[in-house]
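Below is one structure; the comments refer to it alone.
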Amino acid sequence: MGGNKRIVIAIDGPAGAGKSTLARRLAERLGFLYIDTGAMYRAVALWALRSGVGLADELRLAQLAKEAHIELLPGGRVWLNQQDVTEAIRDPAVAQAASQVSTLPCVRRALLDKQRAYAVASSVVMEGRDIGTVVFPEADIKIFLDAHLDVRAQRRLRDLERAGQPASFEDVRRELAQRDQRDRNRAEAPLQQPPDAVYVDTSGMTIEEAEEVLLKLIRDRTSNGKA
Ligand code: DC
């Protein structure tokens, strides 16, 4: 696809819209690198929680974000400072902490450099909250993935159950709503739909259906000279 030109596919949207699963599958199908930027914020938050750094301690958090050695391996495993943290970063407490540390401009700055570096050598499918707006405003294809809050909460509940961490629907729903509110209303790089993004609501779709919709969209856009 696209000869030697490197392609950036940016996927943004709220938690539970299906970004991670879909971005990973699309990357596999296209032979691109899959970058989960939420995992990077989660890794910094986990390091802060484990080392007792306060979630409002900007100076030290910026230092952690800069020094964090984060590896995103094919298949979705995540390593932080030579340690496999794939399961640890999925803890709901880490999700909330990630949402908090991600409000800090100095933390975002440190991770932005790492995110841009991934796309230097490879075509990427990158997902997060500000990929199409801040990280790659010139991305070849921008997708904004969304779903109703209840559907997103149901999906997250299932993920937690599968991971052996059963929770209540109400708690999960409240946690998601809180995180969305924070992610959408922060001053620095808030979650918003880029004006040139394609909006896709996955509420009524299975993962397989959503995957086909996105793949078609990507193929149409990359074969008609736009990318
Ligand atoms: O996608 P996720 O749930 O793993 O992301 C965890 C938190 O990280 C999310 O609540 C906000 C933050 N985040 C961000 O601010 N910018 C991104 N590009 C990705 C995630």
Side-chain angles (χ1 to χ4, degrees), residues 8-24 27 34-49 55 58 61-62 64-65 68 70 72 76-78 80 85-119 124-137 139 142-147 149 152-153 155-160 163 165 167 172-194 197 202:
V8 173
I9 299 176
I11 304 183
D12 291 300
K19 298 189 302 295
S20 302
T21 310
L22 288 166
R24 180 163 33 77
Y34 159 53
I35 304 296
D36 171 359
T37 61
M40 302 171 78
Y41 287 97
R42 285 170 184 259
V44 172
L46 178 70
W47 196 5
L49 292 174
L55 297 180
E58 291 201 33
L61 287 168
L64 294 192
I70 302 169
L72 304 174
R77 298 213 69 84
V78 181
L80 166 67
V85 295
T86 314
E87 278 78 31
I89 59 168
R90 296 297 150 199
D91 191 284
V94 177
Q96 287 294 352
S99 177
Q100 277 173 265
V101 304
S102 71
T103 61
L104 303 172
C106 49
V107 169
R108 303 202 69 85
R109 180 76 240 170
L111 295 187
L112 184 69
D113 293 340
K114 296 185 205 281
Q115 289 156 5
R116 288 191 176 144
Y118 283 119
V124 295
V125 181
M126 190 173 290
E127 53 102 350
R129 302 294 187 289
D130 63 336
I131 312 306
T133 50
V134 175
V135 185
F136 289 111
K142 298 182 187 178
I143 296 164
F144 193 86
L145 271 193
D146 203 357
L149 178 60
R152 295 190 285 114
R155 288 176 183 164
R156 196 38 60 91
L157 190 67
R158 230 180 300 133
D159 289 347
L160 287 170
Q165 294 180 284
V172 172
R173 191 178 185 280
R174 190 175 332 106
E175 185 264 343
L176 277 188
Q178 229 174 49
R179 208 142 64 85
D180 281 352
Q181 159 88 2
R182 196 187 294 118
D183 298 345
R184 285 182 193 272
N185 294 302
R186 65 181 176 224
E188 187 83 5
L191 168 65
Q192 8 176 223
Q193 182 182 338
T202 66

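In each ligand, atom 1 is the first atom listed, and ligand 1 is the first ligand listed. What you see is a predicted model, and the numbers here were worked out from it, not measured in a lab. Just the heavy atoms: all of them, side chains too, but no hydrogens, waters or symmetry mates, feed the values below.
The local environment of CZ in R77 is crowded, with over 12 non-hydrogen atoms from other residues, nucleotides or ligands closer than 6.0 Å.
Remark: the R182 side chain and the S102 side chain contain no N/O donor-acceptor pair separated by less than 3.5 Å. Between the side chains of T202 and R155, at least one donor N or O lies within less than 3.5 Å of an accepting N or O. Donor-acceptor pairing under 3.5 Å is lacking for the side chains of S99 and R179.
When only non-hydrogen protein atoms are considered, atom 8 (O) of ligand 1 lies nearest to Y41 CB, 3.6 Å. Of all protein heavy atoms, the one lying nearest to atom 16 (N) of ligand 1 is R108 NH2, 3.0 Å. Of all protein heavy atoms, the one lying nearest to atom 19 (C) of ligand 1 is T37 OG1, 3.3 Å.
The distance from ligand 1 to the heavy atoms of S99 drops below 4.0 Å at these ligand atoms: 10 (O). Ligand-side atoms of ligand 1 in range of S102: 11 (C), 12 (C), 15 (O), range being under 4.0 angstrom from any heavy atom.
Look at D159 and R90 and you find no salt bridge, because none of the NZ, NE, NH1 or NH2 atoms lies under 4.0 Å from a carboxylate O.
With a heavy-atom cut-off of 4.0 Å, R179 touches ligand 1 through its side chain alone. Heavy atoms of R186 found under 4.0 angstrom from ligand 1 belong exclusively to the side chain. Contact annotation: for R42 versus ligand 1, heavy atoms closer than 4.0 Å belong to the side chain alone.
Judged by distance alone, the side chain of Q165 and the main-chain N or O of D91 form no donor-acceptor pair under 3.5 Å. Panel note: side chain K19, backbone D12; no donor-acceptor pair is recorded below 3.5 Å.
The shortest N or O to N or O distance between K19 and ligand 1 is not below 3.5 Å.
Considering Q178, E127, R129 only, the shortest heavy-atom separation from atom 1 (O) of ligand 1 involves R129.
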